[in-house]
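In what follows, chains carry the letters A, B, and so on, assigned in the order in which the sequence lines appear, proteins first and then strands, with residues in each chain numbered from 1. Model, not experiment: these values are computed from the prediction.
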Amino acid sequence: METQLSNGPTCNNTSNGPSTISNNCSSPVESGSIEDSKTNLIVNYLPQNMTQEELKSLFGSIGEIESCKLVRDKITGQSLGYGFVNYVDPKDAEKAINTLNGLRLQTKTIKVSYARPSSASIRDANLYVSGLPKTMTQKELEQLFSQYGRIITSRILVDQVTGVSRGVGFIRFDRRVEAEEAIKGLNCQKPPGATEPITVKFANNPSQKTSQALLSQLYQSPNRRYPGPLAQQAQRFRPNRFSPMAIDGVTSLAGINIPGHAGTGWCIFVYNLAPDADESILWQMFGPFGAVTNVKVIRDFNTNKCKGFGFVTMTNYDEAAVAIASLNGYRLGDRVLQVSFKTNKTHKA
DNA sequence: TCAGATT
């Protein structure tokens, strides 16, 4: 693989926000049985505002996608923060795991792994654990539970400020029967060395909460609706930074030149990419700064090598501006990148 | 003291 990046916004520390310790364990490459699909991936910890189209754009940068689905709440339509990507070629699925697992997008670190075959037996296998000793580590938590089955994820919630364990956590097993056995074996039991017993029970179901939140919104404040798509779009657009009268759409039609503004977001020009640069490097560089809707490496038609530049589209002006300020002059391998809002200049280089 | 992994 190519150059690894280690920079990004300084705000981003842990894998999924400051309040949790999380693993991205259960290495997917080694976990599949011979029966499992080698093309279908599950993608977890997606940013809340990421759309299915953006998911497809991100994973489509690796190879041809057979299908792609962002899972949403049935009632609210809100993203549940995970989705599925099914590639045509198993090699591309493997490549996606190798290149995109652990990619930072906004405040999240996405997890990419093979999807298990869907079945009833793997549902409702998630446990909520409380009363844990504050000193217990995630590894110790897993050790305690692993005797009951294969752990898919584990987590200990921590205080946002101090980073100290809150004594509660989650264990997701591969199968529900394993979770049931763990409750039987560990609920009301004292872990080794602990003075108090722990509580182990099934965790709340995820989609219930968002549905409830929506319903209470509807019933409690009927006059305070969420802003509709138009209002949201108007908020995203920041014309007064350049022109006091510009309005999204109108400016484009009127031919007023706003640097970088491409109608659907802010287009950023990235110059001095290496010939072997690919889309994933652009996702890696810009993803941590905010909502990226698209990336594109410009390649020579015949050689398929990068012509030295590419483009990145970001939804929000402020995030784009910070990304540009941070990445302009960034050293990628032996090259120093030039990063700016796209202009209408013709770039010949 | 419940984050967000099975379409």
Side-chain angles (χ1 to χ4, degrees), chain A residues 14-28 31-32 35-37 39-50 52 55-56 59 65-74 76-87 97 101 105-134 136 138 141 149-162 164-176 178-179 183 196 198-213:
Chain A
T14 65
S15 55
N16 292 295
S19 64
T20 60
I21 304 168
S22 172
N23 70 345
N24 268 354
C25 72
S26 67
S27 174
S31 66
E35 305 286 318
D36 293 350
S37 164
T39 58
N40 195 204
L41 303 179
I42 184 164
V43 187
N44 288 294
Y45 311 117
L46 293 167
Q48 174 58 226
N49 58 8
M50 192 168 193
Q52 182 165 297
L55 184 67
K56 188 171 185 180
F59 282 80
I65 291 173
E66 190 275 328
S67 63
C68 168
K69 179 165 189 178
L70 179 71
V71 180
R72 297 187 179 89
D73 183 277
K74 285 189 180 68
T76 67
Q78 294 282 306
S79 166
L80 293 182
Y82 68 94
F84 296 87
V85 176
N86 193 197
Y87 282 98
I97 291 173
N101 183 41
L105 292 176
Q106 300 170 230
T107 62
K108 304 284 190 175
T109 298
I110 69 169
K111 182 178 177 184
V112 184
S113 51
Y114 288 114
R116 291 170 287 164
S118 185
S119 83
S121 67
I122 69 172
R123 299 189 59 173
D124 305 313
N126 197 202
L127 298 179
Y128 173 71
V129 188
S130 57
L132 294 167
K134 298 284 170 38
M136 182 180 262
Q138 186 181 25
L141 180 68
R150 176 184 163 206
I151 295 170
I152 301 299
T153 55
S154 69
R155 171 159 297 176
I156 291 176
L157 303 188
V158 300
D159 184 279
Q160 280 194 278
V161 179
T162 65
V164 173
S165 166
R166 292 162 59 194
V168 300
F170 294 87
I171 294 280
R172 180 181 296 278
F173 279 101
D174 182 34
R175 294 178 298 135
R176 181 180 172 94
E178 297 169 338
I183 292 175
E196 299 299 322
I198 60 172
T199 301
V200 184
K201 54 189 190 180
F202 283 107
N204 296 157
N205 199 294
S207 49
Q208 289 165 359
K209 200 175 159 188
T210 43
S211 303
Q212 283 166 3

With a 4.0 Å limit, can you tell me whether A:K108 has a side-chain N or O closer than that to the phosphate oxygens OP1/OP2 of B:dG4? yes

How many whole angstroms separate atom OH of A:Y82 from atom P of B:dA3? 16 Å

Going by modelled atom types, is there a donor-acceptor pair between the base of B:dA3 and the side chain of A:N204 at under 3.5 Å? no

Can you tell me how far P of B:dC2 sits from NZ of A:K201, to the nearest Å? 10 Å

Is the backbone of A:S154 close enough, under 3.5 Å, to the side chain of A:Q138 for a donor and an acceptor to pair up by distance? yes

Of B:dC2, B:dT7, B:dA3, the nucleotide closest to the side chain of A:K69 is B:dT7

For B:dT6, does either OP1 or OP2 sit under 4.0 Å from a side-chain N or O belonging to A:R172? yes

Validation: residues 116-124 of chain A side-chain donor-acceptor distances under 3.5 Å, sequence neighbours left out:
from   : atom 1 : to     : atom 2 : distance (Å)
A:R116 : NH1    : A:D174 : O      : 2.8
A:R116 : NH1    : A:D174 : OD1    : 2.5
A:S119 : OG     : A:S121 : N      : 3.3
A:S119 : OG     : A:S121 : OG     : 2.8

Spacing between A:L132 atom CG and B:dC2 atom C1', to the nearest angstrom: 13 Å

Rounded off to whole Å, could you give me the CD1-to-P distance for the A:I156 and B:dC2 pair? 16 Å

Presence of donor-acceptor pair under 3.5 Å, side chain of A:R123 and base of B:dT6: no

Which of the following nucleotides, B:dT7, B:dC2, B:dG4, is nearest to the side chain of A:A115? B:dT7

Looking only at side-chain atoms of A:R166, point me to the closest of B:dT6, B:dA3, B:dT1. B:dT1

Side-chain atoms of A:S118 come closest, of B:dT7, B:dA3, B:dT1, to B:dT7

Measure from the ring centre of A:F170 to the centre of the six-membered ring in the base of B:dG4, then say whether that distance is under 5.5 Å and the planes meet at under 30°. no

Starting at atom CZ of A:F173, determine the distance to atom P of B:dG4, rounded to an integer number of angstrom. 20 Å

Only distances under 3.5 Å count here; give the side-chain donor-acceptor pairs of residues 79-86 of chain A to other protein atoms, sequence neighbours excluded, each with its distance to 0.1 Å.
from  : atom 1 : to    : atom 2 : distance (Å)
A:S79 : OG     : A:G81 : N      : 2.9
A:N86 : ND2    : A:T39 : O      : 3.2
A:N86 : ND2    : A:T39 : OG1    : 2.7

Checking A:I110, A:I65, A:L46 against A:L55 for side chain to side chain contact (heavy atoms under 4.5 Å, CB included), the one that qualifies is A:L46

Rounded to the nearest Å, what distance is computed from the CG atom of residue A:N40 to the C1' atom of nucleotide B:dT6? 9 Å

Rounded to whole angstrom units, what separation is found between the CG atom of A:N44 and the P atom of B:dT7? 13 Å

For a quick test of reading the model: is some side-chain N or O of A:R155 closer than 4.0 Å to OP1 or OP2 of B:dG4? yes

Could you check how far CG of A:D73 sits from C1' of B:dT6, rounded to whole Å? 16 Å

Under 3.5 Å donor-acceptor, A:Q78 side chain and A:D73 backbone: no

